[in-house]
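Note that the coordinates shown come from a computational prediction; the quantities given were computed from them, not determined experimentally.
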Amino acid sequence: MTVSPIRVAVLDDHEYIVRSVTALARASSELEVVHAHTHAESFHTAVAADRPDIAVIDLMMDGKVTGHHTIARLTELGVPSIAFTADHRRLPIRLAMQAGARGLVLKSDPLDQLRHAVVEAIETGWAQSSTLAAAVLDDSERVPSLTPQELMCLRLASEGVPVKAVGRQFSPPISPSTVKTYMARAYEKYAAVGRRVSNTTQAAVETAGDGWFDV
Amino acid sequence: MSSGQQSGWVTHLWAALLSLSKDSRHPERAFLRLFELGLALVALLGVQKMGSDIGDHGSAFLSTGLVLLLLAHLLVLIECLRPCRLPWAITLCAMAGMVGVVTGQLDPGYAGPVLWRIDAWLGVPLAFLAIIHPRGLKLPVLSITGVAGLLVLAGTGQLYWGEHILATFFIAVQLSLILMARWFAVALVDEHLASLSVRRMDAERDRSTQDHTQALASVRRSMHDSLLHCLQRISALWHSSTPGQIRTMCAETREQLSTVPATPGTGTTSAAGLRDALQQATAAEPCDLTWEGNWTAAPPLVASALEGAVAEAVRNVVKHADRSSATITIRGSAQEGQVVVADRGPGFDTAALATGRSGLSESVLGRMAEVGGLATVESSPAGTTVTLAWPAPLPHSSPGLGRRARHRQSLTPLPLVVGSAFNVGAYPVPDPVSAWVAWTLLVGILALAAWTVRRRGLTDTEAWLLCVIALAALIANTFWISPNASTGWHLWVPSLTGCFMFLALPGRDTATAVRMTALMLGGSLTGIILLLGPHAALVTHFGAVMAVLTHALFTLVLAFGTAGVSHHLHVTRQLEAAVRDRARTAVEREGLWQDWLQHARALTDDFLAAIVEGRVDPTAPQTRVEAAALEARMRDELRLWPGPHLIAAELDRLRRQGWSVLLDLDSPSPSVREGLVAVLPRVPAPGPGQRMTITSRGNDAVVTFSDPGLTPAQRADLRHWVTVADPDFTQLRTSRTPALEEAT
């Protein structure tokens with residue numbers, strides 16, 4: 001009995017990766033790449049017209065963390081997706097999982113891991129490619145949930161904007177004491193996930209390291 | 001107890017245990033140590049039991065056989081405690097002992113009953129060969145000898161076959177259980193190690209980038225220690241160096257700028273310990289140091305990192321404290337250590353450390369991070385304390401299990417399930433039908449739990465439920481026991497409850513796991529006391545309590561011993577990786593250094609030469625101003641380097657114009673550089689109090705002028721880039737290219 005191959009859609013901003021994945025699928029009888037795109041919009045149009053069994057989504061497109069939006073749209077369509085990334089920062093991975101990704105494959109993993117993960121995700125509903133991927137996933141849970149306000153305060157303060165002027169960048173403006181409250185809350189949130197920060201600079205370094213400023 | 005303290009003593013314990021092993025760098029090998037120690041304990045008990053058996057028989061052959069078996073136990077004990085290539089000796093001793101025991105009983109002169117105790121005689125040597133030396137011919141040879149002995153004795157017709165085959169089978173079950181558990185534990189350690197290494201994101205970067213980064217870091221550190229330090233001391237107004245001292249310092253700095261320094265890191269800890277090395281490293285600093293303690297067993301690489309870090313911390317004391325004196329406290333063992341540099345100076349802002357505004361971040365934090373250590377700086381008006389700890393404390397880690405570990409965990413109880421089925425079938429129980437029904441029910445629940453573990457892991461509630469079911473089974477079992485007959489006890493029940501614990505406990509946090517164990521032990525003991533009385537609980541049926549205790553301890557050690565093993569391996573591997581990295585970066589480092597030194601000489605040599613040759617007065621105000629400007633310039637150059645020098649030159653111009661500039665980016669991308677090259681020449685002269693912060697977001701440079709912001713006249717030339725114009729600050733983003741703006 002021949003089993004029909006799993007129909008896979010691939011989205012990655014690097015054509016090289018898209019082609020490599022396609023070639024990889026061609027070499028195996030289990031997978032067939034039906035959509036291969038380097039732009040999100042054309043990808044969505046193609047996927048909406050002809051739904052694949054599963055999608056492999058790059059989390060970082062053109063220097064911006066946008067993969068989770070794509071994954072969320074696919075989840076709404078009922079297409080499972082696997083996050084495929086070279087970016088180990090906590091936030092992009094956390095967002096992808098929250099958007100409904102069914103697994104994680106790192107670009108640093110051995111070649112065959114992607115194929116295994118796709119097959120496993122189809123069979124069991126969940127797959128991570130390697131021990132390291134599991135650890136990255138585990139680590140991504142240590143991201144505090146910062147509100148847009150807290151994030152904006154941290155970003156502006158780290159850029160050298162005086163605290164007294166940060167509040168005026170909000171619409172409607174907020175008072176400096178509210179700005180300080182937001183900052184204090186952000187510190188508390190970091191402390192709650194076991195990453196103590198004690199000043200704006202440290203908080204901004206952590207926040208940038210998580211990937212918040214690229215979302 | 002805090003988790004930090006907990007991991008501390010667990011690590012100590014493991015370090016002590018693992019240090020006895022020859023090669024503890026691999027999870028397989030490290031875990032073997034645990035089994036070796038366990039087996040040594042069992043062998044010790046076996047020796048005691050066999051010793052009491054020897055004299056009971058009239059046959060010389062039989063006694064010699066037993067003595068040889070006892071010797072085999074002793075050899076196992078020795079080999080487990082300190083491996084010294086005895087496996088064949090153990091095998092031969094056990095074989096000869098077996099032959100002696102069998103021959104002795106076949107002797108027509110032997111009058112006693114026919115004896116066969118495969119579990120007591122061969123259990124320990126077989127377990128030793130199966131677990132510690134599974135490869136080669138030893139295990140099959142000894143197993144065949146054992147079976148042959150059984151067959152020969154069974155041939156005499158007086159031996160009950162079934163019972164002994166069962167005993168052999170149960171040894172096999174226990175061995176399989178231990179091997180499966182080891183298989184599970186190795187997966188746990190692997191996963192834990194991966195979760196530790198993921199926190200060192202550097203390690204995940206492309207290798208060449210990493211080499212480059214490390215070489216860069218070494219240049220930055222070294223420059224901070226020499227050139228920047230020298231310029232800072234000239235520029236510091238309150239600093240009381242004499243012109244002579246400054247000239248000597250400048251001459252030394254010029255010397256340092258003329259040659260690439262030798263590769264650090266081979267390490268040269270003298271037998272006298274770290275203290276001597278540190279005293280030498282800090283001897284040149286004009287600072288009164290009080291020394292306390294020593295660390296004799298510091299790994300060489302760590303010692304060399306500490307020399308650099310302590311020297312910089314002391315330089316920092318000289319720079320920031322008006323009375324230069326500090327106390328250095330050293331303590332440590334082979335596995336960890338700490339050096340604390342404390343002064344009573346005015347302190348400085350630790351917030352500046354995070355972005356590298358202070359040399360402390362590169363020089364001290366970087367050095368320690370490179371060897372897997374941690375530096376913390378606490379500053380207050382009362383003084384500054386720099387704590388250098390190695391290794392860095394374990395990062396937070398969730399107790400949950402990964403997929404591979406869960407997969408193995410779900411399969412590990414299999415031997416016990418098979419064993420329990422044989423128990424139900426083989427031993428007479430009062431009501432076999434209800435026993436099989438109960439067995440099937442419990443195994444059904446177990447299979448469901450194992451499936452859940454494999455798929456997603458158990459929640460805390462589900463794990464508690466499993467414990468309660470297991471406890472209920474144990475108590476029900478107590479009901480079935482006939483208080484008068486020893487045959488009433490259903491042996492299979494403790495085996496199955498062991499399986500339940502094995503699925504429930506790993507993956508919980510320590511407190512929950514201990515509570516679960518307490519529930520099982522306390523519950524079953526209370527059940528027996530209430531139903532059968534204290535005598536039954538503590539004497540006649542104590543074995544039942546012990547069975548539960550053994551399973552609980554086995555599970556706890558497996559689940560939580562892994563954390564200690566992982567940490568030990570992590571530290572060892574980190575140190576090895578640091579040594580490898582040093583070797584790899586050496587070549588890269590040489591090239592980078594040559595480039596940098598040439599550039600640094602071009603910028604600073606004239607100034608330093610003028611001081612050394614006495615053409616300028618090093619204490620004159622204009623010299624101090626020039627030194628401050630040069631220091632800021634060199635700091636920028638280091639942050640922007642390698643790359644074109646245009647930006648640093650432009651920043652230098654702006655500083656000399658009166659701007660206070662904070663450059664908060666390291667090795668920016670080409671697009672950020674392009675943006676800065678376009679914007680900086682158009683920055684106007686500063687107004688009173690105005691300062692400038694440069695950061696980057698993605699591909700853009702972000703320049704913020706603040707306190708107050710730029711006036712409309714000031715920002716006229718920059719208007720195409722301005723994103724925010726507030727009275728208190730003005731912000732530019734370089735992505736808004738002027739050409740495009742003007743065209744639209």
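At a 4.5 Å heavy-atom cutoff, A/Glu206 makes no contact with chain B through either its backbone or its side chain. For A/Arg155, the parts lying near chain B are the backbone and the side chain together; criterion is any non-hydrogen pair under 4.5 Å. With a 4.5 Å cut-off on non-hydrogen atoms, B/Asp707 touches chain A through its backbone and its side chain both. For B/Arg691, the part sitting under 4.5 Å from any heavy atom of chain A is the side chain, from C-beta outward, and nothing else.
For B/Arg406 (side chain) and B/Val453 (main-chain N/O), a donor-acceptor pair under 3.5 Å exists by modelled atom type.
To the nearest 0.5 angstrom, B/Gln731 atom CD is 13.0 Å from B/Leu718 atom CG.
Using a 30° and 60° split on the angle between ring planes, A/Phe43 and A/His37 fall in the perpendicular class, above 60°.
Under a 4.0 Å N-O distance rule, the pair A/Asp210/A/Arg94 does not qualify as a salt bridge. Checked for salt-bridge contact, B/Arg639 and B/Asp636 miss the test: no charged N lies under 4.0 Å from a carboxylate O.
Top candidate by heavy-atom pairs under 4.5 Å with chain A, chosen from B/Thr695, B/Asp726, B/Val702, is B/Asp726. Residue with the most contacts toward chain A among B/Thr704, B/Asp728, B/Asn699, B/Val724: B/Asp728 (heavy-atom pairs, distance under 4.5 Å).
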